[in-house]
Amino acid sequence: RMFHQKCRQGLYPSSNVKRFTVPEEKIPWTVDYPDYKPVAYTATVVKGKPWADPEIDEPTFEPKWNTVDGKVNRKSFMGRDYVVNAGGLPLNPVGRTGIVGRGLLGRWGPNHAADPIVTRWKHDNVGTVEVDEHTRKPILQFVAIQRRDSGEWAIPGGMIDPNEMVSTTLMREFMEEALNFSEMDDTERKTLQNSIKEFFIKGDEIYKGYVDDPRNTDNAWMETVAINFHDENNDVVGKLALKAGDDASNVRWMDINQHINLYANHSEFMKKTVLQRNAHW
Ligand code: RP5
Ligand code: MG
Ligand code: MG
């Protein structure tokens, strides 16, 4: 089931660039759309950055698509190759987005992220787990951050650095965005790392693949691995003081249910998490 919703209409994030509207039935590349005239846009913040690719026509740029290209992983998490068009541009595996270029994304093709879904059972102040009165199932909570860019609540995920292990990204992004690791001194950092490193060893994979991210374009898109780390007795992450850091402006334990409304398609990941843990939805 391939679909995207958050990257095919309206203004591109942090810009005045209007996407060429793509009706739902015109998303797939296999459907003809002769009137399709997407706008070209790559944000200036991306150009010339060490974490980003060069322009596609830069003579020294020789990307190796669908493979691990030196330190840069250009393989899709979706388990199959994406198409590269006659102009040498990788094509969004879901379809049209109304924008060509990279927008705010650094890489042509897949931009890989990792999302730590840290959960616990909702409880009262004596530790009794709260059960929903209708479904009779326990209520699951996760550590949510509010994104500075869009103001939406989201999983505290982030980009996988070149050569970085996914397990490293998961713990690093959680510490940066939900525990304000970047502003701690060395002693505080060590103490924190020691208290959670075991917890982040064992997680359950919830999702791996394309993300319906508002930053996606026809030639650059987000992919992620979302892993659930569950604090069954609320005594590991549950004991820590959450504090927003980096690109997060707020952080909190948020109840998960069918009304949850999150950035990109993070709500879908929450539904999968709840099903896996047999919690209330
Ligand atoms: C989303 O963007 C991913 O699911 C992940 O949560 C996030 C990574 O981007 P940044 O938070 O670094 O902007 O698509
Ligand atoms: Mg981050
Ligand atoms: Mg982030």
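Read the numbers this way: they start at 1 and go in the same order the structure lists the ligands and their atoms. Worth saying up front: this structure is predicted, and the values here are computed from it rather than measured. Counting begins at 1 with the first residue of the sequence.
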Give the atom numbers and elements of ligand 1 that come within less than 4.0 Å of a heavy atom of [X].
X    : value
H266 : 1 (C), 3 (C), 4 (O), 6 (O)
G157 : 6 (O), 11 (O)
D213 : 1 (C), 2 (O), 14 (O)

Can you tell me which portion of R147 lies within the under-4.0 Å heavy-atom range of ligand 1? Options are side chain, backbone, both, or neither.
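Side chain only.
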Considering only heavy atoms, which of E223, R215, E173 lies nearest to atom 7 (C) of ligand 1?
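Nearest heavy atom to atom 7 (C) of ligand 1 lies in R215.
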For the Mg ion (ligand 2), how many protein N, O or S atoms come closer than 2.8 Å?
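Near the Mg ion (ligand 2), the number of protein N, O or S atoms below 2.8 Å is 2.
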Could an N or O of ligand 1 be found under 3.5 Å from any N or O of F269, whether backbone or side chain?
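So ligand 1 has no N or O lying under 3.5 Å from an N or O of F269.
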Closest non-hydrogen protein atom to atom 4 (O) of ligand 1, residue and atom name please, with distance?
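It is D115 OD2, 2.6 Å.
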Tell me the protein heavy atom at minimum distance from atom 12 (O) of ligand 1, and give that distance in Å.
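Minimum-distance protein heavy atom for atom 12 (O) of ligand 1 reads G158 CA, 3.6 Å.
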Tell me if the NZ atom of K49 is crowded by more than 12 foreign heavy atoms within 6.0 Å.
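Yes, NZ of K49 has more than 12 neighbouring heavy atoms, counting only those of other groups under 6.0 Å.
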Any chance CD of E62 has more than 12 other-residue heavy atoms, nucleotides or ligands included, within less than 6.0 Å?
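Open.
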Backbone of [Y] reached by a side-chain donor or acceptor of [X] within 3.5 Å:
X    : Y    : value
R96  : K26  : yes
D231 : V237 : yes
W51  : R107 : no

Kindly indicate whether a cation-pi arrangement holds for R189 with F181, taking the cut-offs as under 6.0 Å to the six-membered ring centre and within 45° of the axis.
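Judged by the rule (NZ or CZ under 6.0 Å from the ring centre, within 45° of its axis), R189 counts as positioned above F181.
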With heavy-atom distances below 4.5 Å as the criterion, would you say the side chains of T273 and F142 are in contact?
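They are not in contact (no side-chain heavy atoms under 4.5 Å apart), so the answer is no.
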Just so I know, are the side chains of N265 and K6 near enough to count as touching, which here means a heavy-atom distance under 4.5 Å?
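No; the side chains remain at least 4.5 Å from each other.
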Classify the angle between the aromatic ring planes of Y210 and H4 as parallel (below 30°), tilted (30 to 60°) or perpendicular (above 60°).
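If you compare the ring of Y210 with that of H4, the planes turn out tilted.
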Close aromatic pair by centroid cut-off 6.0 Å: F200 and F174
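Yes, they do, as the ring centres are separated by less than 6.0 Å.
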